[in-house]
Amino acid sequence: MSSPLFEKILNRTAKIGVVGLGYVGLPLAVLQAKTGFQVYGIDEAQQKVDLVNQGKNYISDVDDGELHDVIQKKLLSATSDFGALKECDIVLICVPTPLTPNKEPDVRAIVKVTEHLATHIHPDTLVVLESTTYPGTTEEIIHQGLSACGLTAGKDVFIAFSPERVDPGNASFKTHNTFKLVGGITPPCLEVAKTFYEQSIVKIFPVSSTQVAEMAKVFENVFRSVNIALVNELTLLCDRMGINAYEVIDAAATKNFGFMPFYPGPGVGGHCIPLDPYYLAWKSKEYDLHTRFIELAGEINENMPYFVVSKLQRILNTRKHCLNGATILVLGVTYKADIEDPRESPATKVMELLQQEGAHLIYADPFTPTLTLNGTQYESQELTASLLRACDCALILTAHSVFDYDVIIQNASLVFDTRNGTRQVQGMKENVWLLS
Ligand SMILES: NC(=O)c1ccc[n+]([C@@H]2O[C@H](COP(=O)([O-])OP(=O)(O)OC[C@H]3O[C@@H](n4cnc5c(N)ncnc54)[C@H](O)[C@@H]3O)[C@@H](O)[C@H]2O)c1
């Protein structure tokens, strides 16, 4: 198959548009610019556009120096004007895919970008959706949207789905060395997309359709959600039975095949695990099927903040204290350790429940300077021995590696560690409570 686009990809003269400059889009835009392509970052948030153009980084997985370098070399520039799509030979869509309040997919951003594409793209353009979504989205929204304006997939336009699998804060796997799945609407679409990603990403796995790639990505997240729910449920049982769940998991993990450890926590967070499984659950209903594992896992994981609060009440009871009026020092509020992303963090839910119970809340999180809960603004405190001594319980919700767990245990009268962050501390830990 011959298309001038192949030549442009191989000699790096193809111009790339990355739509959505968030946790997924900005690292991808920087990677493509580093690879030598001219990249236009397009985002409706003017503030992000301005920051990118000033070379100011706001995503921890992006290296400040690399962003500055590609901006200085004019390989990357950002805009909120979708007219920039006219310049692009390749468009990578990295917009958010949230849920409605009723947990139904909200794909309005993908629809909006498709409408802009229909107005602006020129023939011989590759369009790839990277956002996580239900199987069928690329076909139903992007392919049908572009067909309606007379573009034929595999001939005038190449359309593919290639899910972003980035794990924020992962020091080993970044955008360039995380293996990539690609599915095309037609075989030529797949071929162009595969050739493009081979220029910058270490290993590409082509699959037979966009639906397979979409399903594989959402299945990866369902797999995590279900396994986390399983270990959370086991932890609830261990708590009742007086068994340490972490010791159980470590013991099971000694099996040298067939077991993969997952760990319990105060709930699941981030843009992926709490949301993506519901995309599949919603789609499955169109096929008269109820994906019960997904719903059940969601139910168990969403119950964990309630379990944390009720166990905290039990812990305070051991000192004849009640939660109402107790000073609770929350340690860590982001959804996972060592990153600044607060989205869907279970800490927010736990803190709201504690507020409702009348607890006096303070928190420390070097990644989150301020936090607003139900209209009350909190400021992160410096984690000092005196702060720890002043609280009735230190509640670890995110085990950042910068926390000094020795100091926490030595100074707080009670520590409720929902992440097993204190495991590294040797010696007596009589004041430390785990989930079980
Ligand atoms: N964050 C992750 O860890 C992760 C990992 C893998 C996949 N994903 C998926 O990637 C997608 C993007 O996630 P993210 O974490 O980068 O989101 P994000 O919220 O960090 O970034 C999305 C960006 O898109 C912009 N935007 C929103 N609507 C737009 C529109 N109509 N046109 C142009 N720009 C628009 C927003 O201003 C924002 O800057 C989601 O589908 C998500 O599920 C996320």
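Whatever order the structure lists them in is the order used to number ligands and atoms, beginning at 1. As a basis for the values below, the full set of heavy atoms in this structure was taken, side chains included, without hydrogen atoms, waters or symmetry mates. All of these numbers come straight from a predicted model, not from anything done at the bench.
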Inset, instruction - Identify, for atom 7 (C) of ligand 1, the protein heavy atom at the shortest distance, and state residue, atom and that distance. - result: E164 O, 3.3 Å
Inset, instruction - Please work out whether any backbone atom (N, CA, C, O) or any side-chain heavy atom from C-beta onward of V19 is under 4.0 Å from ligand 1, and answer side chain, backbone, both or neither. - result: side chain
Inset, instruction - Considering heavy atoms of the protein only, find what lies nearest to atom 39 (O) of ligand 1 and give residue, atom and distance to 0.1 Å. - result: D43 OD2, 2.6 Å
Legend entry - Side-chain ion pair, D89 and K8, N-O less than 4.0 Å: yes
Legend entry - ligand 1 versus R343: contacting region, heavy-atom distance under 4.0 Å: side chain
Inset, instruction - For ligand 1, indicate whether the residue Y58 contacts it via side chain, backbone, both or neither (heavy-atom separation under 4.0 Å). - result: neither
Legend entry - Y279 side chain near P135 side chain, heavy-atom distance below 4.5 Å: no
Inset, instruction - In plain terms, say whether R224 and E220 are close enough for a salt bridge, that is, a side-chain N and a carboxylate O under 4.0 Å apart. - result: no
Inset, instruction - Quick one: look up the protein heavy atom nearest atom 41 (O) of ligand 1 and list residue, atom name and how far away it is. - result: T97 OG1, 2.6 Å
Inset, instruction - Over 60° means perpendicular and under 30° means parallel, so classify the ring planes of Y246 and Y263, tilted if in between. - result: parallel
Inset, instruction - Decide, yes or no, whether a salt bridge links D124 with K155 under the criterion of side-chain N to carboxylate O below 4.0 Å. - result: no
Inset, instruction - Around atom 32 (N) of ligand 1, find the nearest protein heavy atom and jot down its residue, atom name and distance. - result: F82 CZ, 3.3 Å
Legend entry - Per-residue contact class, C272 against ligand 1 - non-hydrogen pairs under 4.0 Å: side chain
Legend entry - Check: E130 N/O within less than 3.5 Å of ligand 1 N/O: no
Inset, instruction - State plainly whether the residues E214 and K283 are in salt-bridge range, i.e. N to O under 4.0 Å. - result: no
Legend entry - Polar atom proximity, K217 to ligand 1 (N or O, under 3.5 Å): no
Inset, instruction - May I ask you to say whether K180 pairs ionically with E130, meaning some side-chain N is under 4.0 Å from a carboxylate O? - result: yes
Inset, instruction - Just go through S80, A109, P168 and tell me whose heavy atom is the nearest to atom 3 (O) of ligand 1. - result: P168
Legend entry - Whether F262 and F223 hold their rings parallel, tilted or perpendicular, with breakpoints at 30° and 60°: perpendicular
Inset, instruction - If you have a sec, work out which protein heavy atom is nearest atom 10 (O) of ligand 1 and how many Å separate them, to one decimal? - result: V24 CG2, 3.4 Å
Inset, instruction - In plain terms, say whether E295 and K285 are close enough for a salt bridge, that is, a side-chain N and a carboxylate O under 4.0 Å apart. - result: yes
Legend entry - Nearest protein heavy atom with distance in Å, relative to atom 34 (N) of ligand 1: E44 N, 3.5 Å
Legend entry - Distance filter under 4.0 Å to A45 heavy atoms, resulting ligand 1 atoms: 37 (O)
Inset, instruction - Return yes when H116 approaches ligand 1 closer than 4.0 angstrom through a heavy atom, no otherwise. - result: no
Legend entry - C94 heavy atom under 4.0 Å from ligand 1: yes
Inset, instruction - Please indicate whether E382 has more than 12 foreign heavy atoms, meaning atoms of other residues, nucleotides or ligands, lying under 6.0 Å from its CD. - result: no
Inset, instruction - Measure the distance from atom 11 (C) of ligand 1 to every protein heavy atom, then report the residue, atom name and distance (to 0.1 Å) of the closest one. - result: V95 O, 3.4 Å
Legend entry - Heavy atoms from other residues, nucleotides or ligands near CD of E233 exceed 12 (cutoff 6.0 Å): no
Legend entry - Centroid-centroid under 6.0 Å between H271 and Y23 rings: no
Legend entry - Protein contact of atom 22 (C) of ligand 1 - nearest heavy atom, named by residue and atom, plus distance: P96 CD, 3.6 Å
Legend entry - Part of Q46 within contact of ligand 1 (heavy atoms, under 4.0 Å): neither
Inset, instruction - Return a yes/no value for R165: is any of its N or O atoms, backbone included, closer than 3.5 angstrom to an N or O of ligand 1? - result: no
Legend entry - Numbering as shown, the atoms of ligand 1 that approach G22 to under 4.0 Å (heavy-atom distance): 16 (O), 18 (P), 20 (O), 21 (O), 23 (C), 39 (O)
Legend entry - For K48, atoms of ligand 1 separated by under 4.0 Å from a heavy atom: 38 (C), 39 (O)
Legend entry - Cationic N near anionic O, under 4.0 Å, K103 to E302: yes
